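Each remark here refers to the structure printed beneath this line.
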There are 2 protein chains.
Amino acid sequence: MSPTIKDIAQLLHLSVSTVSKALNEYPDVAPETKQRVQEAARLLDYSPNVIAQRLQSRRTGTLGFVVYYGGNSISDPLFNELLASMLDAAAHHQYDLLVSGCPSGTSRPAAYERMIKTGRVDGFIVDGTDRHDDRIAYLCREEIPFVAFGRTDQNLDFPYVDVDGRAGVCQAVQHLIDLGHQRIGFIGLPSFSFCAHDRRQGYETALQTNDLPLESDLMVEVEAGSEENGYRAMVQLLELSHPPTAVMVSSDLMAIGALRAAQERNLAVGHDLALIGFDDISLAAYTHPPLTTLRQPMAEIGQRLVDMLVCLLENKPLPERHVILLPPLIVRQSSGERRDNP
Amino acid sequence: MSPTIKDIAQLLHLSVSTVSKALNEYPDVAPETKQRVQEAARLLDYSPNVIAQRLQSRRTGTLGFVVYYGGNSISDPLFNELLASMLDAAAHHQYDLLVSGCPSGTSRPAAYERMIKTGRVDGFIVDGTDRHDDRIAYLCREEIPFVAFGRTDQNLDFPYVDVDGRAGVCQAVQHLIDLGHQRIGFIGLPSFSFCAHDRRQGYETALQTNDLPLESDLMVEVEAGSEENGYRAMVQLLELSHPPTAVMVSSDLMAIGALRAAQERNLAVGHDLALIGFDDISLAAYTHPPLTTLRQPMAEIGQRLVDMLVCLLENKPLPERHVILLPPLIVRQSSGERRDNP
DNA sequence: ATTATATACTAAAACGTTTTCGGTGTCAAG
DNA sequence: CTTGACACCGAAAACGTTTTAGTATATAAT
């Protein structure tokens, strides 16, 4: 077994309390003994047992992160970046990150309930919020510390970080309009998801602002943000009697599918057809043509999520309770040049 | 605070020991009291505190998984699938999975040392092995339970799951040869990585078996498996005075880059040029043309890794100490049809 | 000389479990 | 009536820490 505080105490003929205090920089221990204790600790290769510390302090020093296989959580191409930045930030604050799946057959709040009630974690990061989110409702009701990546349409006040999908898409669509497009399609995701709805709203407001009509034919909604679904949605748009000249796509993965659909019909994307995606996944810069898209700053998001959660857990005041980040528009070739004949 | 065993004991005028035993199905507790205890537990909404359980049992019930930002660990497109299947399997065995980054500035074994010595985890899953891997050496030396995804060239006996990259690539290259190709290129990764070296060997043995010469010009090695690197490597091959007619690429992401390089030169992949990737990432089926590739069965890999580690931790005999899975060749269009004029 | 104060240490409780051991009480066998 | 067996329950220790309260000694103030 690894050495304990008791071993150090016996070695130096001290009590465990003195050793503990020496290791934790208490004032009431002689500088000389402090020295001796620390040397002995090094000698024995001692590390404190975190389990015992957690039991005594009643804090786990662990952040919970529940992922879903079905949803766009773990299968999202940006998931890796989010996880990496959260791990980084958590380590920085000396916290662990416990990732947990949601066992199929149990409700979503149940996964959170289990983790908090059994004392596995101190709080949660929840991502991929719905407009009406049962997890958020549960966590608010039970007053469990958490920070969400995403907002909801419920009337609940909770700390979150989010990307302004509405403003982002609005800007992107405006860009298309400025390029001379009049018929602009939209490929979106089911609107129970907050961000899906948010992005759609950005599309609608951009059109309305420019006195362009909203045509339901031009807006297609798919179930999940896969390449395949983007392909199919694009096919549907291109088969319209009066197809769009530009399409705003809610995710890069779908945009890649849309790209393929257009190319199979011998449309030169960036010329015959403008396309804009959302996410700026690493591949986006390398499609043919490179994809114009809205970048989600995942590194910053992950870091702010855990910074905020740590504040909450340590009862420090939160600098900002609601953080909304603007996704910059990364203009590449898929959105094309200015059109002469609209 | 959440209720403890003590609360139940007080409510029923019992001792904590009897309550504990009632909850854990001990034989020496009357059926009737057992009943009463379980009802009270339900009434109070009691869940056992895992921290206390862990301290008492000296087992954490937690599997450790260390990821690196730099390496091909977390940035790998298959990482998500691996993580998902490990989470699933871990939950099935009632284990937690603690994911930890490797703080920059510390050595790789140090990350493992910290987790095990502080009692955060019972054992590890390590992935992305090198031919000479300091982490594996450390874990073996310290006799810390772990299972690796990947082998090494060190003379160490440890349990692992791996994909037979050599046999897989050999089969793929043989497929190209059977299609009539004589000049076959190879785009690989740095050979300190075991699997990179393994795949290259598959390429070499396939050529040798067919009495084809090994030309160093045709083998290019890049630093990381990105789209960009695949693109550059392909450009290099195509600029050869006598370029290959087929190329085996060590990862799908690079293959996508290679695809782009070929297309920019107006080569019809699957016709003028054959291309085979490795991984079968979700996008592989949706490139243009769809990518022939070797599938890594991540779901099975993740599950077997944790099944094996759990066996180790519970002192159960390991059904197989070394599992080697054959990556099936998924033939799509990028490898093309049989060539008439070789 | 007495009291106050500071210094350096220890004992003991606590965190919430599990588990060993011993102690009842009941009942049947001798 | 004694003995043992059995069924049921509780006391207590243990896991490795932290922290509170307290003790002993030395030093300073009165």
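Residue numbers start from 1 in every chain, and the chains themselves are labelled A, B, ... in the order their sequence lines are given, proteins ahead of strands. These figures come from a predicted structure and were not determined experimentally.
Here ring pair (Phe, Tyr, Trp, His ring centres under 6.0 Å) pairs that include residues 299-324 of chain B, with residues two or more places apart or in two chains, are B:Y160-B:H322. Evaluation of the salt bridge (charged side-chain N to carboxylate O under 4.0 Å, His left out) test over residues 145-155 of chain A, restricted to residues two or more places apart or in two chains, returns A:R131-A:D153, A:R151-A:D162, A:R151-A:D198.
OP1 and OP2 of C:dT7 both lie 4.0 Å or more from every side-chain N or O belonging to A:Y26. Taking side-chain N and O atoms only, B:S20 has no distance below 4.0 Å to OP1 or OP2 of C:dT17.
Remark: of the listed residues B:R108, B:R135, B:Q154, B:R108 is the sole one forming a side-chain hydrogen bond (donor to acceptor under 3.5 Å, both in side chains) with B:D130. In summary, of the residues considered (B:Y112, B:F149, B:F146, B:Y138), a ring pair (Phe, Tyr, Trp, His ring centres under 6.0 Å) with B:F124 occurs for B:Y112 alone.
If you check residues 3-10 of chain A against DNA chain C, you find no residue with a heavy atom closer than 4.0 Å. Only A:L55, A:Q56, A:R58, listed by number, bring a heavy atom of residues 49-59 of chain A to less than 4.0 angstrom from any atom of DNA chain C. Listed by residue number, there are no residues of residues 111-124 of chain A with a heavy-atom contact under 4.0 Å to DNA chain D.
Under a cut-off of 6.0 angstrom, the local environment of CD in A:E314 is crowded, with over 12 non-hydrogen atoms contributed by other residues, nucleotides or ligands.
Here A:E142 pairs with nothing under the side chain to side chain donor-acceptor pair (under 3.5 Å) rule; sequence neighbours left out. In terms of the salt bridge (Lys or Arg N to Asp or Glu O under 4.0 Å) criterion, residue partners of B:K117 (sequence neighbours excluded) are, by chain and number, A:D45, B:E113. In this structure, the side-chain contact (heavy atoms from CB on, under 4.5 Å) partners of A:E39, at least two apart in sequence or on a different chain, are A:Q35, A:R42. For B:R114, there are no side chain to side chain donor-acceptor pair (under 3.5 Å) partners two or more places apart in sequence or in a different chain. The side chain to side chain donor-acceptor pair (under 3.5 Å) check on B:Q94 picks up nothing, with sequence neighbours excluded.
In this structure, the separation between CG on B:L43 and CG on B:L11 is 7.0 Å, given to the nearest 0.5 Å.
With hydrogens and angles ignored, the 3.5 Å screen pairs a side-chain donor or acceptor of A:T60 with a backbone N or O of A:D122. Side-chain atoms of A:R58 come within 3.5 Å of backbone atoms of A:Q56 as a donor-acceptor pair (strictly under, hydrogens ignored).
Rounded to 10 degrees, the angle between the two end axes of the helix from C:dA1-D:dT30 to C:dG30-D:dC1 is 70°, with five pairs used at each end.
Here C:dG16 presents its P atom at 15 Å from CG of B:L23, a figure rounded to the nearest Å.
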Stepwise side-chain contact (heavy atoms from CB on, under 4.5 Å) test for B:K34 and B:V37: CA-CA 5 Å; B:K34 196 177 293 184; B:V37 167; 5.9 Å; no

Could you write out each protein N or O paired with an N or O of nucleotides 6-10 of chain D at a distance under 3.5 Å?
from: D:dC9; atom 1: OP2; to: B:A30; atom 2: N; distance (Å): 2.9
from: D:dC9; atom 1: OP2; to: B:T33; atom 2: OG1; distance (Å): 2.8
from: D:dC9; atom 1: N4; to: B:D28; atom 2: OD2; distance (Å): 2.7
from: D:dG10; atom 1: OP2; to: B:S15; atom 2: N; distance (Å): 3.0
from: D:dG10; atom 1: OP2; to: B:S15; atom 2: OG; distance (Å): 3.2
from: D:dG10; atom 1: OP2; to: B:T18; atom 2: OG1; distance (Å): 2.5
from: D:dG10; atom 1: O6; to: B:K21; atom 2: NZ; distance (Å): 2.5

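The closest side-chain donor-acceptor pair between A:R59 and A:S57, if any, does not fall under 3.5 angstrom.
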